[in-house]
Every structure is written in C-alpha cells, then in structure tokens.
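Single-structure report; data block below.
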Amino acid sequence: MKLGFSAEDEAFRAEAADWLNAQMHGEFADLRGLTGLTAAAERRKEWELKLGEDRWSVIGWPSQWGGRDATLAQQVIFAEEYARAGAPGRIAHMGVELAGPTILTFGTEEQKQRFLPGIASGKVLWCQGYSEPNAGSDLANVRTKARLDPATDEWVVDGQKIWTSLAQICDWIFVVTRSEEGSKGPKGLTFLLMPLDQPGITIRPIRQINGEAEFNETFFDGARTASGNLVSTPGNGWQVAMGLLAFERGVSTLGQQMNFRNELDAIIAAARDNGSAHDPLIRQRIAKAEIGLRLMRYGALRMLSHTDHARPDGAALTYKLQWASWRRALGELAMDVLGQSGEVTDGSEYHFPILPNLFLSARADTIYGGTNQIQRNIVAERALGLPREPRGNQ
Amino acid sequence: MKLGFSAEDEAFRAEAADWLNAQMHGEFADLRGLTGLTAAAERRKEWELKLGEDRWSVIGWPSQWGGRDATLAQQVIFAEEYARAGAPGRIAHMGVELAGPTILTFGTEEQKQRFLPGIASGKVLWCQGYSEPNAGSDLANVRTKARLDPATDEWVVDGQKIWTSLAQICDWIFVVTRSEEGSKGPKGLTFLLMPLDQPGITIRPIRQINGEAEFNETFFDGARTASGNLVSTPGNGWQVAMGLLAFERGVSTLGQQMNFRNELDAIIAAARDNGSAHDPLIRQRIAKAEIGLRLMRYGALRMLSHTDHARPDGAALTYKLQWASWRRALGELAMDVLGQSGEVTDGSEYHFPILPNLFLSARADTIYGGTNQIQRNIVAERALGLPREPRGNQ
Amino acid sequence: MNFAFTDEQAMIAETAKAFFDENATSERTRAAMDQDGVDRTLWQSFCQELGLAGIALPEAHGGSGLGLVEFAILAEAAGAQVAALPMLGSLAMTAHAIARGGSNEQKAAWLPKLATGEAIGATGLDGRVTATGDRLSGTVDFVAHGASADVFLIGSGTDAWLVARDATGLTVAACTTMDQTRPFARLTLADTPAQPLGDATAALRAAQEGGWICVAAEALGGAQATLDRTVGYAQERVQFGRQIGSFQAYKHRLADMMVEIEQARSAVYWAACAVDEGSDEAPVALHSAKSFAADTYFRCAGDMIQLHGGIGFTWEHDAHLFFKRARAIQSMLGTSAWHREQIARLIGLGDAA
Amino acid sequence: MNFAFTDEQAMIAETAKAFFDENATSERTRAAMDQDGVDRTLWQSFCQELGLAGIALPEAHGGSGLGLVEFAILAEAAGAQVAALPMLGSLAMTAHAIARGGSNEQKAAWLPKLATGEAIGATGLDGRVTATGDRLSGTVDFVAHGASADVFLIGSGTDAWLVARDATGLTVAACTTMDQTRPFARLTLADTPAQPLGDATAALRAAQEGGWICVAAEALGGAQATLDRTVGYAQERVQFGRQIGSFQAYKHRLADMMVEIEQARSAVYWAACAVDEGSDEAPVALHSAKSFAADTYFRCAGDMIQLHGGIGFTWEHDAHLFFKRARAIQSMLGTSAWHREQIARLIGLGDAA
C-alpha cells in the first residue's frame, strides 16, 4: 500500500502539465474553465483533435491504437493535471471511455482497425443508446428492434432511445437492441454500432430543469447499419453491455472527480466571499463535502489498484450511489451558501452559472445511469448476495 | 378551529392540578419525578389505587364505570397537569387505555361488570400478549394455540408471547391466540382474557440493552381461562385487536408526550449547565426536537378533534413513526449534549440516569408495536392506497 | 379547544381547491412564467369573482374580517397548483401590513384596491436604504413579483414605508429567477418620495407573520400535491413488470413524505391559529411552521423528481415547478436554520457562541 | 502509487482475522465485561503467541518496525469482534507516544513490556492537572481501561508525562461505563511523581494519530461486522412468509450500510498510509478517518439493532456490544463535529463565527 508517486511518475506529471498548460494558455485559452458539455461544441471538437494529434487522448490504450500504454499512476496523474489546467469536459468521453474499450475487448480485428483510429484521433464522436422511454433504468426491458435484412446485409433498427447525451453533435452511436422477436429480459439483445447521420435517425433534444439540453431522444425508423457493425454475436448484447458498464468505473471517474473538485472549490470561494465560511453549520457541511470528495478519490484508487477492475469487487458497485448522492447534497450546499443570490441570474435567458446549475443538474445524477433505487438493488443483490427483487410478469 | 381552552376547562385544570400537587407533595411525594416503569412497583400500585379512589384513573370513561365523562379538552388538560405535577408513569396503562376500552366496546354486559371496576379502581393490572418470537411485528402470524375444553368449559392455551411489558407485576393478560387449527393470517384468531397467576403461565424477564427488564417472555403451557373470558366470538380476534390499536392512538398519547417533554427539558437543562447550549449545532438540534414535540402535540389534538378517532384517517397512521423516530433522535442528541459524561454512571450497577437511559431505551421505540418498516407499509398501503406487500407462502 | 376546521372553514377550503385546480393549470402557469410570473386573468377571477382576496382584511376596507387560518387555507390551495399569483407580496405582506400598521388614509387608499386586485403590492423587508425626510435612497433586493407591483412596502431595520410604482427616482429591474412563478426584482431608489407607515413596528410584524404563514401554507399545499401526484404515478407506471408503487423502497419513501406533510399541516394551522388567538405560543409556532413546512416541501419536491425517474427532471414535466418554488420558499423570509435559531433563543438556550 | 495491501499486509490481515474470530468470542468478551473489560488471556495470546502487539513499534525495543497501516489492520480485526482488549490505550496511544516522544530510558523501560503485554498502558489527554516540578496534581477523566493499567500517559495542554500505577498520591477509580468492553477510569493525582516525556509535542501528536487510527480502524471492522451479521440474519430469518432479506426496504438499508463502510475503509487506510508516508494530507486524512468511520459505525450498529427487530435490543444479543462501542468511539478523542471543524480550518475557511 503506497500513495506517493515515483520520480518517474512525477516526470510524467511535469510533461503532461507542461503540455496542458501550453494549450490552455495558448491556442485553446478560450476553453479554459468551461463547465457543462453543451457550450462551444465546434471549438471542443478542435480540442479533441488536438488531444489526438499529440497522443494525449487515450493514453491508457495500447500504443498500437494511439495510446501510450500509460500505467495506472500515469492515468491518475493525467486526470489530475487535466483538471488542474482547467481543460474542458471531454465531449469524446463516450468513445474514449466506453465505445473504444468495448471494441478493444469485444470487437473483431476489422472493427478495431475501422473504429479505434477515429476515436483516438478525436475525429469521430460517439454517444450511447441504452435507455428507452418505457425501459428507464431497466436495460433488460429494451424494446428497440433490430432485424438483419438479407437483401442488403444490413441491420435495420426501429424504436426509440432516450437520454442519449450529446447525440446532437456525435457521429456514431452504440445501441442495445432486441433482435429476437418475443424474447424477454437480458436474452435476445444485440449490440450494434450505427452511424447517426442517416435518414432513419431523428434526434430531438430534451430540455432539462436547468434549462439546458444535454440529453436527447433518438428515434430509429428503419435506421440501418452494415452487418459488420455488430459487436460480439446476435443475442449476446447483454454481456457486451455489462462489460461496458465496468469501463465506466475506470480512470474516467477520476476526471469526473476533478470536475467535482472545481465545483466544491467554487463553493468554498463563494463562502469566503460572502462570509458564510464562518457559519458553523456551513463549515460542517463543507467539511463533509470535502471528506466525501477525498474518499471518492481514494475509493477510485482502491478500485483501480485491484488489477482486474473490469470485474469489480462489491466495493466498486457502491461508487455510483456514492458520487450521485454526494453531488446532490453538494448542490443543496451551494445554494445555501449563495442564499437568494443563487436564485437570480444575469440577462434574460434561463441559464444559470456553475453553482446554481450544479444544484439543478445534480437532480439528474441520482436518476440517469440507474436510479439510486436500482443501484441499491444492485449492491444488495450482487455485492451482498440478498434475494433478487421479483419481477412482475416474467 | 380553536386552540384556547374555555373558562370551564380552566376551572377543571385548577381542580386537577390542585389534587395532583397535593398528592405529589404529600402522600406520594416519593414517586414524584420517577421515570421508567420498573422502579417502586409496590408504591406505584398504591398510587393507582389512589387514582381510582378519587376517580382520576379513567376520567374519559362513562361515570357509570368509574369515569367522569370528561370531554376531550378535559382529558388533554389532565394529561398535561399529570405530567406537570411530576406524577409517575402509569403501570395501569394497559388496562386503563387498552383492555378497558376494548371491553367497553366489544365486551358483554357481564364482562363489563366483571372487569371494568377492577381497572377503574386500580386494583387489577393488565398486560398485553400480542407479539411472539416468530411473529415479531406480524400479528397475523400468531401461533399460540387456544382450544375450548368441553370438559371444563375453559379455553386452554399453549404457546409463547414475547415483549409482554410489565407482566411480572400484572394480574391479567389479554392474548391473541389461534383457535382454528390450520388457519392462517388474520383468520381464525381469538381474543382471550386470562388470569396470569396460574400454574400454566411462566414469566421470564428479558434484559434489554439499557440493563433494565421492562419486557418479558410469557410461556403458556396448558394455561386456562373460563369460556366467558372470550371477547367477541371465536375467530373474530383480528377485529378486536385492530379496534384496540385505535385506542392506542387516544388521549394516552398526550400523556406519553408529557414524558417526552420531561426528557427534552432535561436535555435543555444539561445543555445550559455544561455550556453546549451555546453551540450552534446543538441549538439547531434542540430546536428541531422542540418543533417535533410541539408538532406531536398538535398532531394529537388534530387526531382527537376529529370525532371518530377510533376509525382514524390516514394522518393518525403516521403517529407511531413520528414519535418513535423523534425519540430515537432525541436520545442521540442527549448523548451529544452530555458528551462522555453520559457514558458513565454512579455506582457499580449497570443502571443509567434519565438521559443515557433515554438514548438506550429509544432503540426499542422504532421496533416494538410494529417496526418503522412495518409502520411505513401501513401508511403506504392503508393511507396512500399503494399495493400491498406480497406475502411469501400464502 | 377544537383543532379541526369549522364548517365555514371547510367550505372555504373546498371552494379554493376547486377554483385553483380548475383554473391554475400547468398551461396557464407556464404562460405566466414566460411573462412576469403573474397570471392576471387568474388573479382577477380570484379577487373579484371569487372575492376571497380580502379574506383576512378588515371589513371596513373591503375585506371579510376573518383571520390567518382562513388565509392559510387559500394559500395552501394556491400552493398546491404552484399558481403564478402575487398572493405573498400583495396580500400576505403588503395588505396585511397596511391593515395592521397603516394610517387610516393608507388603509383607505390601498386596501380596497389590493383586495379587488386593482392594484398589486410587493414587499421587501431587507432594504438597504437611507431616509432623508420622506425620501428614500438605496436598494432593495429579492422583491417577489416586484416587477408587477403598483405599490411597495419597504422595510429597513425598524422602519417601514410605502412607495408607489410611479414615484420619482424609483427603478424596478426584473431578475431572471429560478422560480419563474415568483420572479424577484431589484428596486433602486434615488431620493424617492415614500410614506412612512403609521405604526412601523405593527406593520413589519404583520408583514412577517403574514409572509411566514403564506409561504408555509403554500409549502404545505405544494408538498401534499407532490405526494398526491407521485402516488398517482406510482399506481400507473409499470417497470420491471410491476406497478412501481409496489416496490417497497418506493412505498416507504412515499410514507415518509406523508409523515412529514402531516406534521407540516399541524404546524401551519397551529401557527395561524396561535396568531389569530393572540397566543403566547405564536412566535415559536411561526418559526416552527416556516422552517418545518419549507423543509418538508423541498424534501418532497426533490422526492417527486427522484420517484418520477427520467421524466422528473425534464422541463416538460411539472415536478420542477414544485421543486423551484420549494427552494425559493426555503431561502426567503429567513432560512430554516435562522428560524430554528430563533426558537433556540425563545426556549431559553441563551445566545449562540 | 498502489492503494492495495501488499502480500505481507494481506497475510497479517488474514492472521489477525482468524485469531480474533476464533478467540474473541462473545462469551469471553462478556466475561471480561463483568470484570475490568480486559480479556487477559486473549491479550497474552495476542502479545506473545501471535507477537503482533509491537507491530508498529521500533525493532530496537521489541517491535516489528512496521507502520500504522499494519496497526490499523490489527485494530480492524479486533474491532470486528468488539474484543475486550487495551489495544487503544496501551499500544495505539501510550506505546506509540513513548516510541515517538520518549527518552531512550523511557523507551527501554516501557516499550518491551507494553509489546509483550507484561505491562498495560492507558492514556488521558484531557488532563486537568498542574505540575510542580516533576509532581502532578489534578484529575484526568475518561481514561480508557485506566483501572487495568500499569502506566499512564497523561497529557495536559502541550505537556505530557508518564505516571506509574504505583506512584504515590495516585488514585484510580473505575467507572461503570456504557461500553463495558472499554470502561473508563478517573485518575486523581495529589502531588504524584511523574516523568515528563522527552519530546512532549511528538509524543502527544503520536498519541493522537495512533488513537485516531486505532478507533477509526476498530470502527471500520465493527461496522463491517454489523453488516455481515445482519446480512446473515436477513438470509435466515423468515417473516410474512419470506426471507426478510427479500424485502426491498431491508435490502436498501443494507446497501446503504455498505456504501458508507466502503468509504470508511478508504478513509482509514488513506489516513494510516498518509501518516506512514509523512504526506501533507495526513491531518485532513486523520480527521476524515476518525469522523467518518465513527459515524459510519454508529449508524451501522443502530441499523443492526433495527434490522434484527425485537431480539436486537436484548442484552443477550451481541448487537448492543457494537452499538455501545460505536457510541464510545464517536465521543472519544474529539467528536465528529470537532474533527470536521478542524478540516474546515485546514481547507481555508478561516475561523468559525
């Protein structure tokens, strides 16, 4: 057990920090400190290309595919320095952290050659098609249908996905579909890669309670993808999706935490500014938030230090609950620190700055990607071995 | 809607207060301020006789049965003055508040004449036989068996009850038994009145985490009671038991609240003594406790102001959850006010003063009489109309 | 002693509930949110057709002469629909303050107009203003529905004034506000003529009492609505092949909401009754009602979002209207922590360290 | 950077767990509770047969020269059984303080004895004592296992002394204590001879660090044990015709316990590691670990009682042993609120108002 970094690691840190700072004070200075994922889409695409060009986009991947074979410590360091430099949230996240690793694990050699370079270079952006209006948190209840059209050797997809984050600016989507008619639950699902820019796909943004529209509904109406864009085998989509969930618990969590760090720092700054930093009740809550954030970091490091983190132990299953509840409480703390000032914003647009936006947007955290209720079922059943929740009609 | 009391009510208050104060500064001064229910049993029996003698024991009952036909306002006033005078918790509670009203409602004329005078006079003490080791909070799962012995025209009871509060000093017990072999759930239950002092009944005290033994296990091994001590009809015990639950939500709740008032006052006094009253965190928690206690009072008054409180509206179903959770939090507050001093006690006996004892004993509040989990089911199903919890094997 | 509605009170409750349920629809509220947060047609109907706006105002000035219990009944019903109305600023605070602390001229000038909805009042009690003679300079922030008002009650320390919308030197800037059903405005006063209230102390106390009762009652109504709507959803929505209301964790959360709401109900009517009866308990009751009801509403509105899943955090669904109103109520007119601190003093804990 | 046990650490954990599971039985603990709260046979086995008591003490004085991570592993395993042992007072505080701040004579005199269990140490850091030369007068309260100790580390302000049990003028009064596995004693000193520690600052810091890590690790072990035992019960116990562990509300509560416990685990080993590595983060880590682990333990032990139903609040069941230990850990060596207040200062919030 060792928390410190080696001299070699610190040298890597210096290299990463130098490069990041040069960008954030040079060509990409306009993106420094940007929060949220919807602003300045075109410039952010350029930033992704730059990351790819200088080989900082997928450092944990094999060098063969544009990565640096970075060690865990190096990945931790890069995430820290990335945030410290004020670099913006990555719109390539779904490709870099989810689609890419999935293709690396489950894809054919052909698929790797076809898709990985686009992801590593920042040229092709991906989004995720999991949730459906009547499936909610319940992936096994997917109804979007896929059938292979023998005439064209293409998969044809009909149905609807929801909460497809950033679909409006992405190029490809990975979708879980039901390919066996009459199948139920996790059986009969198929994992497909599909180009978004086609007549069969319509994207409609969903406005959220904070006034922003990061999420979308995505409609599939005879949408098509070549048969070679099937990952694994037909009917094996559940296994692929579960494997992918494990990647979500990877180093990207540390990047997410650095955004949390920025939010908490903004609260601390506001509390010092308006004097509420001296209020004993506020101090307790800020201290709790600080403790929670540090424990998230060390929890992630524990998770990552166990070599086979793709097959997580029980502790890893608690992480979603932990951060989502933490951030929701952080949003309430932010508003209590700001007082009524947090409820008004400049200008006539319904668009709030970082802290009130945190307050509003955090209400989604405990819902998307599996509600807190679903997460508790998962922890209880998979980590603690308690009886499964009975399904109704199955 | 009116909260104030009439001049007539205030005259009643003066009468009650005068009598109570005379007792608590005279003949029964040794009982003043006594907490818990297990100490000084013999003297408390004398106090119950005195209450009966001067017709203050069952003031809400009809005058025919030793009561005063007291109005709701008068009953509220008496409960307040009783506590204000420092009169001790009533060991006759189960008879006065539960067995008596049950007999008044469901009993035959003969049963009324046989049992009510003993209760009203304080001569006969009652306890309750509901819970069983494998039934827990689940009254419908009662297994204690009763069968009518035609030879002696007596009911013969075999089985075991648990959490029979004060059984060690009581004379009679009311028990819910299963009289139809093979019956399940709420069907086939029978409500019996039984004398405790007989060879077929054995009482074993249960020591609780606070070191005291208010509760007991009560074993029935061929225990007998005359057939005339059946309440209602064989198989109708569930209905009687449910009616009795409603009496638990009567004026006696106000008496209970006056004990809570004493506990909270002791916390406030301790906080002032040791200076923690100035700690902003402690102040918030004491204020919350104060609010909670006042809201309990006004909640009880709302409940009682609706004439048919034996058939409570949904709000009444929330009361158990409310007070039990409140008192558990109060116990934690008490300890935080006392600091480490609360963890030590004088003498070599494991017996703690009012506040640490509150802390320990309150852990039972959220369990006995239906755990918080059961109470939430009840509120959700009966008050909010949500689907019932499925039973396993029924 | 009888802590239940009288027949008359029950009738008012029924009338108000029917009125707001029918008229204060989501559609109309959203239309008002895109404007200044006042559904003027609704306000006119409420004041004139229903004639309930003056319920707690003196009969001599166009009111019905009833009390805060009856006013709370109205605010509860309006709150249940998150109605976009100036009930807080115009009636609960400004009119109530004038009725209790205004001169006869001030009462005659404003109360009938406020009761009929001919004029709208707004209140700001945390003004940072200085008075030179009868002229005020300074700013007043977070004035609810300020941009819609014709007259302002301005409090600063122990002083109180009335300022007309068209007074010289007064600038009213509407703010984009999280709760769009009750947007704030910032007032800037530059040597602006102002009328001191006849009895500033009585006026300010009345404004506080009225304000606290109003938002506490709104919170009660709103919280109950979040519960009712979520119970409805729980019975309709099927997931994992079951009504979601059959999942125990879901049920228990709804039960917990009800436990809180029933306490909030006791708190609101205890406080209103205590003020109406001039009880010694009134201060503790008011602080209890404001803090407890506000916290209950916020918790319930948050639970409503959570228990609706994905749809709950969309703009399209009404959950956010409740949620934002709840948040606004929590932070206005004293935070919950502040109210509890007042209770700590009142029950003899002395000063905070 | 690798936040996982080394093979050696994993082996220590396995050994310790096996030892305490087998030997620190409920029966033996209860026997000790009726005495002075020390299972002396267990302590002898732990110190001598197992030879692990000196794990974090210097090799020169009979220890193994390892660090707080290894010590935390032992405390976690002992805590999981609520073992009645003087691990806190004797090893984590007294021995650790002497090792870091004692003179060479003090080290030589006491460390080997403490490591072998030949002597038991106890610590009181909140002494209200005055020193006249090398003699102390005053009282020290809440000295854990004080009535069983042979030597006392007494702190008062920035000063620290060692006092032998047989020193003149020293009275040790055992207190009936809620947590009978670690009863307190009150020391009264009347012109009692005392040895100042060589480096009092280092000694006091070491006693605090050792104490915080020890009780935080105990809390972690205890909390995990309450979860494990309740999961076991949930799978066995049938009510309403179902395993109670199949009720969603029950499951979710257990899941919430696990969420807290996994954070407590990170906190404890982060803090132990940070101290061992001399990291700048050590102070924040220590305050985090003590407050978070103590609160987690208390919550989990309370949940254990609740989730066991009626049996959970009987003396006969072990739930109260965990519950009382958890409460004692919460209130000793700084409350959770105090530790969080320290963090507030450390992260730049300035002073409290």
Side-chain angles (χ1 to χ4, degrees), chain A residues 1-6 9 71-73 76-77 268 271-272 275 277-280 282-288 290-292 294-307 314-319 321-322 325 372-373 375-381 383-390, chain D residues 1-6 9 69 227 231 234-235 242-243 245-248 250-267 269-270 272-274 276-279 281 284-285 287-289 291-292 336-337 339-353:
Chain A
M1 189 167 276
K2 178 165 168 30
L3 294 179
F5 292 99
S6 68
D9 291 337
T71 63
L72 168 61
V76 168
I77 286 169
I268 292 172
R272 291 170 56 140
H278 304 300
D279 175 344
I282 293 291
R283 293 165 74 81
Q284 286 289 313
R285 291 168 66 193
I286 291 178
K288 274 187 193 171
E290 180 74 38
I291 294 169
R294 306 258 189 148
L295 298 187
M296 255 184 260
R297 174 182 157 84
Y298 287 98
L301 293 184
R302 264 176 64 207
M303 211 150 67
L304 295 167
S305 295
H306 290 88
T307 36
L317 298 173
T318 65
Y319 184 69
L321 270 172
Q322 185 187 342
S325 303
N372 275 12
Q373 286 70 42
Q375 297 295 336
R376 290 192 184 98
N377 278 351
I378 291 173
V379 171
E381 293 167 11
L384 297 174
L386 291 161
R388 287 188 60 107
E389 206 56 32
Chain D
M1 205 285 304
N2 189 355
F3 197 30
F5 284 161
T6 61
Q9 289 164 342
V69 170
L227 175 58
V231 166
Q235 287 165 331
R242 294 165 51 182
Q243 277 172 290
S246 73
F247 287 97
Q248 199 186 30
Y250 204 104
K251 286 165 66 172
H252 281 198
R253 194 129 168 190
L254 292 169
D256 284 339
M257 288 166 75
M258 181 164 175
V259 173
E260 297 295 310
I261 289 167
E262 289 306 325
Q263 291 179 78
R265 189 179 314 285
S266 300
Y269 289 101
W270 166 39
C273 220
D276 284 347
E277 294 181 22
S279 158
E281 277 196 321
V284 170
H287 294 302
S288 297
S291 59
F292 196 95
S336 299
H339 284 282
R340 285 191 290 264
E341 174 59 29
Q342 306 316 303
I343 289 175
R345 283 165 197 273
L346 288 165
I347 63 175
L349 295 183
D351 289 331

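In what follows, every chain begins at residue 1, and chains take the letters A, B, ... in the order their sequences are listed. Any value given below was found using the heavy atoms of this structure, including those in side chains, with hydrogens, waters and symmetry copies removed.
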Examine whether an atom of [X] lies under 4.5 Å from a heavy atom of chain D, and if so say whether it belongs to the side chain, the backbone or both; otherwise answer neither.
X       : answer
N372(A) : neither
Q284(A) : both
Q373(A) : both

What part of [X] gets within 4.5 angstrom of chain A, counting heavy atoms only: side chain, backbone, both, or neither?
X       : answer
R253(D) : neither
Q9(D)   : side chain
Q248(D) : both
E341(D) : both
F5(D)   : both
S279(D) : neither

Quiz item: Do the non-hydrogen side-chain atoms of Y250(D) and L386(A) ever get within less than 4.5 Å of each other?
Solution: no
Self-check item: Heavy-atom side-chain proximity of F292(D) to S336(D) below 4.5 angstrom
Solution: no
Between [atom1] on residue [X] and [atom2] on residue [Y], distance to nearest 0.5 Å:
X       : Y       : atom1 : atom2 : result
L321(A) : Q263(D) : CG    : CD    : 10.0 Å
I77(A)  : T71(A)  : CD1   : OG1   : 7.0 Å
M1(A)   : M1(D)   : CE    : CE    : 11.5 Å

Residue selection (most heavy-atom pairs with chain A, distance under 4.5 Å) from [options]:
options                            : value
V259(D), V231(D), I343(D)          : V259(D)
G245(D), A353(D), A285(D), A352(D) : A352(D)
T6(D), V69(D), I347(D)             : I347(D)

Exercise. Please work out which of the three classes, parallel, tilted or perpendicular, describes the rings of F3(D) and Y298(A), given edges at 30° and 60°.
Key: perpendicular
Quiz item: So L227(D) and L384(A), side chain to side chain contact (heavy atoms under 4.5 Å, CB included) or not? Walk me through it.
Solution: CA-CA 9 Å; L227(D) 175 58; L384(A) 297 174; 4.0 Å; yes
Residue selection (most heavy-atom pairs with chain D, distance under 4.5 Å) from [options]:
options                          : result
V379(A), L295(A), I268(A)        : L295(A)
G4(A), P280(A), A383(A), S325(A) : G4(A)
R283(A), E381(A), E290(A)        : R283(A)
A287(A), A73(A), A271(A)         : A287(A)

Quiz prompt | Over 12 non-hydrogen atoms of neighbours within 6.0 angstrom of CZ in R272(A) | solution = no
Quiz prompt | Stepwise side chain to side chain contact (heavy atoms under 4.5 Å, CB included) check, I291(A) with S291(D) | solution = CA-CA 9 Å; I291(A) 294 169; S291(D) 59; 3.7 Å; yes
Quiz prompt | E262(D) bridged to R302(A) by N-O distance under 4.0 Å | solution = yes
